[in-house]
Undergrad: 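Supplied in structure tokens, the structure appears directly below.
Note that these values count all heavy atoms, side chains included, but never hydrogens, waters or copies made by symmetry. Along the sequence shown, the residues carry numbers beginning at 1.
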Amino acid sequence: MSDNPVRGMDHIGITVADIEAATQFFIDAFGARVLYDSLPLAGEDNEGTHNEQVLNLAPGTVVKAVRMLWLRHGPGIELFQMQGPTQREPVRPSDYGLQHFAVYVEDMPEAITRFERAGGKMFTEPQPLTFAPEKGEGNCFCYGRTPWGSVIELISTPSPLPYTQHTSLRRWKP
């Protein structure tokens, strides 16, 4: 047994207003596949003090549906459709909390086309990576917003970066 019990990211959770539309966005933009519905939209709503405690929900929140998606590489994406008495708009990257997640892409122009065709909106054209000492030829990124407001980064690093030399991050790159 190792000294560190952490193996890596399993999944991320995103609350959306319309689970069917969000699912279609991830299918169209990233080729996601539905793994399962742990709470089908057509089933009974899930509410009560137990959920409020377990998930730290605002009192009176109703969980309408929960679905797990699979991307070819990386963590799963768990979508939640909830209705609560006090829901807010998605955070901006300048707000506290989880601000975005990044999806590795091999063909940036094609990824942007698919993202926008699926209903997302990019903030800018791809930008060269400037944060690493070895910036690398062709390495770039850009951020965009999903139709429901979450921020996603598209990143491509055809030239190796220092943090991609770790075994756990190399497993999905050529």
Side-chain angles (χ1 to χ4, degrees), residues 4-93 95-107 110-122 141 143-156 164 166-173:
N4 187 346
V6 176
R7 290 203 168 183
M9 291 281 295
D10 181 74
H11 69 273
I12 60 169
I14 304 170
T15 299
V16 298
D18 181 334
I19 201 163
E20 297 299 345
T23 299
Q24 195 60 53
F25 172 83
F26 280 108
I27 290 170
D28 293 345
F30 302 119
R33 287 193 226 159
V34 175
L35 289 178
Y36 58 85
D37 288 344
S38 52
L39 180 62
L41 187 58
E44 287 190 31
D45 294 343
N46 198 338
E47 59 186 311
T49 56
H50 177 73
N51 274 353
E52 292 167 6
Q53 290 173 339
V54 171
L55 299 174
N56 192 32
L57 304 177
T61 298
V62 178
V63 182
K64 307 294 276 181
V66 182
R67 175 174 291 154
M68 185 64 79
L69 304 178
W70 174 83
L71 294 180
R72 186 168 171 227
H73 302 287
I77 299 174
E78 188 174 25
L79 299 176
F80 293 81
Q81 182 172 321
M82 299 188 206
Q83 291 177 336
T86 56
Q87 288 180 295
R88 293 180 252 167
E89 294 297 313
V91 300
R92 293 176 62 124
D95 295 330
Y96 293 119
L98 181 64
Q99 54 158 287
H100 79 276
F101 65 93
V103 175
Y104 185 86
V105 301
E106 292 183 359
D107 183 336
E110 177 62 20
I112 290 170
T113 297
R114 288 184 65 167
F115 188 88
E116 291 179 333
R117 193 179 307 135
K121 175 154 179 25
M122 302 310 299
F141 72 98
Y143 287 84
R145 188 171 300 283
T146 64
W148 62 90
S150 294
V151 176
I152 297 178
E153 176 185 3
L154 303 180
I155 187 167
S156 187
T164 59
H166 297 284
T167 304
S168 64
L169 294 171
R170 252 190 323 200
R171 67 180 154 67
W172 51 268
K173 288 190 64 179

Undergrad: Please name all residues satisfying ring-ring contact (aromatic ring centres under 6.0 Å, His included) with His11, sequence neighbours left out, ordered by chain then number.
TA: none

Undergrad: Quick one: closest heavy-atom pair of Pro59 and Pro85, and the distance?
TA: O-CG, 3.1 Å

Undergrad: Would a distance-only check, ignoring hydrogens and angles, find a side-chain to backbone donor-acceptor pair under 3.5 Å from Gln87 to Met82?
TA: yes

Undergrad: Given the rule in the side chain to side chain contact (heavy atoms under 4.5 Å, CB included) test, do Val66 and Glu78 qualify, once you have shown the distances and angles that lead to the verdict?
TA: CA-CA 7 Å; Val66 182; Glu78 188 174 25; 3.4 Å; yes

Undergrad: Looking at every non-hydrogen atom in both residues, tell me the closest pair between Ala118 and Pro147 and how far apart they are.
TA: O-CG, 4.2 Å

Undergrad: If I take atom CD1 from residue Ile155 and atom OH from residue Tyr143, how far apart are they, to the nearest 0.5 angstrom?
TA: 8.0 Å

Undergrad: With rounding to the nearest 0.5 angstrom, report the CD1 to OG1 distance, Ile152 to Thr146.
TA: 6.0 Å

Undergrad: To the nearest 0.5 Å, how far apart are CE in Met68 and CZ in Arg33?
TA: 15.5 Å

Undergrad: Applying side chain to side chain contact (heavy atoms under 4.5 Å, CB included), run through Gln81 and Leu79 and close with a yes or a no.
TA: CA-CA 7 Å; Gln81 182 172 321; Leu79 299 176; over 6 Å; no

Undergrad: For Ser156 and Phe141: C-alpha separation, side-chain torsions, deciding distance, then whether side chain to side chain contact (heavy atoms under 4.5 Å, CB included) applies.
TA: CA-CA 6 Å; Ser156 187; Phe141 72 98; over 6 Å; no

Undergrad: Measure up the Phe26 and Phe30 rings against each other and bin them: parallel (under 30°), tilted (30 to 60°), perpendicular (over 60°).
TA: tilted

Undergrad: Run the side chain to side chain contact (heavy atoms under 4.5 Å, CB included) check on Val103 and Phe115 step by step: do they pass?
TA: CA-CA 11 Å; Val103 175; Phe115 188 88; over 6 Å; no

Undergrad: Specify the closest pair of heavy atoms between Ala65 and Pro40, including all atoms of both residues, with the distance to one decimal.
TA: CB-C, 4.3 Å

Undergrad: Identify every side-chain donor-acceptor pair in residues 13-25 under 3.5 Å, counting partners at least two apart or on other chains, and give the distances.
TA:
unit_1	atom_1	unit_2	atom_2	d
Asp18	OD1	Glu20	N	3.0
Asp18	OD1	Ala21	N	3.0
Glu20	OE1	Arg67	NH1	3.3
Glu20	OE2	Arg67	NH2	3.2
Thr23	OG1	Ile19	O	2.7
Thr23	OG1	Arg67	NH1	2.8
Gln24	NE2	Asp28	OD1	2.9

Undergrad: More than 12 foreign heavy atoms under 6.0 Å from CD of Glu89: is that the case here?
TA: no

